[in-house]
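Letters A, B, ... mirror the listed sequences (proteins, then strands); counts begin at 1. All values reported here derive from a predicted model rather than from experimental measurement.
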Amino acid sequence: MKLQKLTGVWIPLVSIFFGLLAGAIIMLLFGYNPVAGYIALWNGAFEEPYYTGETIRLITPYILSGLAVAFAFRTGLLNIGVEGQVLVGWLASVWIGLAFNLPMIIHLPLAIIAAIIAGGLWGFIPGYLKAKFHVHEVIITIMMNYVALYSVNAIIRNVLTDGSERTEHVAETASLKVEWLTQLMPNSNVHAGIILAVGAALFYWYFIEKTKYGFELKAVGYNSYASEYAGMSVKRNIMVSMAISGGFAGLAGAMEGIGNFGYMTLNNGFTNIGFDGIAIALLGGNTAVGVVMAAGLFGVLKNGALNMPLSAGVPHELVDIITALIIFFVAASYMIILFREKLTNIFNNVKTKLQKGRGK
Amino acid sequence: MSAIIDVLQSIIPSAFMFATPLIFTALGGVLSERSGIINIGLEGLMIMGAFVGVIVNLELYNILGSSLTPWVSILIAAIVGALFASLHAIATVTFRADQVVSGVAINFLALGIGLFLIKQIYGKGQTDMVQGMLRSTDIPLLSDIPIIGPIFFENTYYTNWIAVILAFVVWYVIFKTPFGLRLRSVGEHPFAADSVGINVNRMRYIAVMLSGFFGGAGGAIFALTFAGNFYQGTISGQGFIALAAVVFGKWHPIGALGAALFFGVAQSLSVIGSGIPLLQNIPSVYLQIAPYVLTILALVGLVGRAEAPKSLGTPFVKGSR
């Protein structure tokens, strides 16, 4: 898999540019003013403290789901199962938040750890199956997503509630909402999870770049045969990598569970946090800094988009098209490379022609 | 005896109904993956098909009338699906994009385009209900056969039977024609195929666009059988079940047909199971997750090992070997 090699900064930047350009062209085609559209988007993300709070709230799980996908990418694995891992993490955090009556200093960490473990387990299963039976993790994780979706719904309906659509609110002691943040950005759902998310990014950077385990995981991702020969256990590393990746995803679920919502509802479909995480990881080149920045971009785009229908009359779904195109461009980076080669060729041709002209 | 027939008469038609869009889409998936291109984008192709099918249906009903509209809708949806899938082909074949990531992008793009255009055209998040739904009928002559007739041919859809016939056609094409041989060779060993003069990239384009054709038809059939309109949740996971059917059916058209029918039974049981004495006590969640769990078991080898085409997921770069 060549995914690890997409670390050049300019491919994501060019992709973002092309994506936004395509968005502008679409707006023009449908008779909107692209400048007004993008200004509305920007205002929708930052104009008032409330908007900023909501943007940060959206960035929080994106950082974690991006890290989850990126972590697996580093080991050469594609974790499409982040969706499911988010759901089980969400459920676990809410479950702990409801079930116990503890002081905050124990209750809150317990809920967070439960989410990490739940997501980690949900990631470990495909890792184990991959290591043991050599089955492709993509298909298994997709299937695990649906198993999670329906099982979690069944647990909400039958275990956590009495046939209801929504759980109770978690105890105050298990909530990530903090007074000063809420006062800073009134009415928004911003919560202390953003600190955890940034902390997780630091952990990611430290683990991947500075520890022996991180090195082993990367080595397996680059060349599993060479790693095996060097005495590393490829199978163990696959399982560990998927479990840690799932742990990040589970934490992203906790952000929704005990941060944003404070409860869990039945889900008809996926949250898309995990699928967006794939885009974020790719765009961020699978590095901690890149993921945080890409998550920021996605948060701004998606939250800002909600203002576009009101201020500029542009349907907010436009942003879904833009982000999809950005993923396309990053994935097809070969196209951008070809494009650059063409450009440099033309440039060189012109240059040599000019020089020839001067020679005469 | 008659109780059993009653139960079958309630399960099988609805199972068949659920299975038909899956069969179409899964056949598309088989074609694409046999040529070596992973198609996670089946969901997006179905979304595109549902979107186009519903729009065409709404716009042309007054011109075409109730008998022709659904068929024209499905056909146009299939053609647009093929064109839309060509994006996946361009990205993965020509520009060597990671096939899974490109598929994910296809899924997002389809939903984004669909919802954006719905807002544009109708000014709201969902369309009105279409008038030209597919309608169930009794198939003449066959429905008069005792026992089998009422179970299979009464109150059934023509699309069901087209799907079954199509599965055999695809089987014939893949395994009995030169085109099929080329398709398979491209998926198994593109370098060998290239060395005997087969245009690998062209075959892959054709296969991916065929998967868009079938996926688009599948999505339209789903929308015109069940939902009747297009909104965010019209297609919710059917494409991924179809993908599961491809794998569970071991990349074989008839296998995919069987898997899709089986998943159809599971889906229909999870919906109507509470009315059936034996199944009343099984929580519906077990039936809901059954297709997915079974697919995992199939991959692990407990239900017979599933072996993917050898070059699945790798772009073909001429002379790189």
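- Proximity to chain A is limited to the side chain of Leu117(B), based on heavy atoms less than 4.5 angstrom apart.
- With a threshold of 4.5 angstrom between heavy atoms, Leu129(A) approaches chain B through side-chain atoms but not through N, CA, C or O.
- The choice from Phe270(A), Phe328(A), Phe329(A), Phe275(A) that makes the most heavy-atom pairs within less than 4.5 Å of chain B is Phe328(A).
- For Thr94(B), the part lying near chain A is the backbone, with the side chain staying farther off; criterion is any non-hydrogen pair under 4.5 Å.
- To the nearest 0.5 Å, the span separating OG on Ser268(B) from CG on Leu287(B) amounts to 9.0 Å.
- Among the candidates Val100(B), Ile90(B), Val104(B), Ile118(B), the residue making the largest number of heavy-atom pairs closer than 4.5 Å to chain A is Val100(B).
- Inter-residue side-chain proximity for Asn107(B) and Ile40(B) is flagged as met; some heavy-atom pair is nearer than 4.5 Å.
- For a residue to count as touching a neighbouring chain, one of its non-hydrogen atoms must lie under 4.5 Å from one of that chain's; by this rule Leu318(A) touches chain B with backbone and side chain alike.
- Contact count against chain B (heavy-atom pairs under 4.5 Å) is highest for Ile142(A) among Ile142(A), Asp320(A), Ile326(A), Ile80(A).
- Proximity to chain B is absent for every atom of Ile322(A), based on heavy atoms less than 4.5 angstrom apart.
- Remark: the backbone N or O of Met46(B) is not paired with any side-chain donor or acceptor of Gln238(B) at under 3.5 angstrom.
- In this structure, the ring of Phe240(B) has its center no less than 6.0 angstrom from the ring center of Tyr292(B).
- Heavy-atom distances place the side chain of Val138(A), and not its backbone, under 4.5 Å from chain B.
- Two residues are said to be in side-chain contact when any heavy atoms from C-beta on lie closer than 4.5 Å; Thr265(A) and Thr167(A) fail this criterion.
- Looking at Tyr32(A), only its side chain comes within 4.5 Å of chain B, counting heavy atoms on both sides.
- Chain B forms more heavy-atom pairs under 4.5 Å with one residue of Asp276(A), Thr323(A), Asn158(A) than with any other, namely Asp276(A).
- A salt bridge is absent between Asp162(A) and Arg157(A); no separation between the charged side-chain nitrogens and carboxylate oxygens falls under 4.0 Å.
- The shortest distance between side-chain heavy atoms of Asn79(A) and Phe71(A) does not fall below 4.5 Å.
- Side chain of His252(B) to backbone of Val30(B): no donor-acceptor contact under 3.5 angstrom is found.
- Within the 4.5 angstrom heavy-atom criterion, only side-chain atoms of Leu338(A), from C-beta onward, approach chain B.
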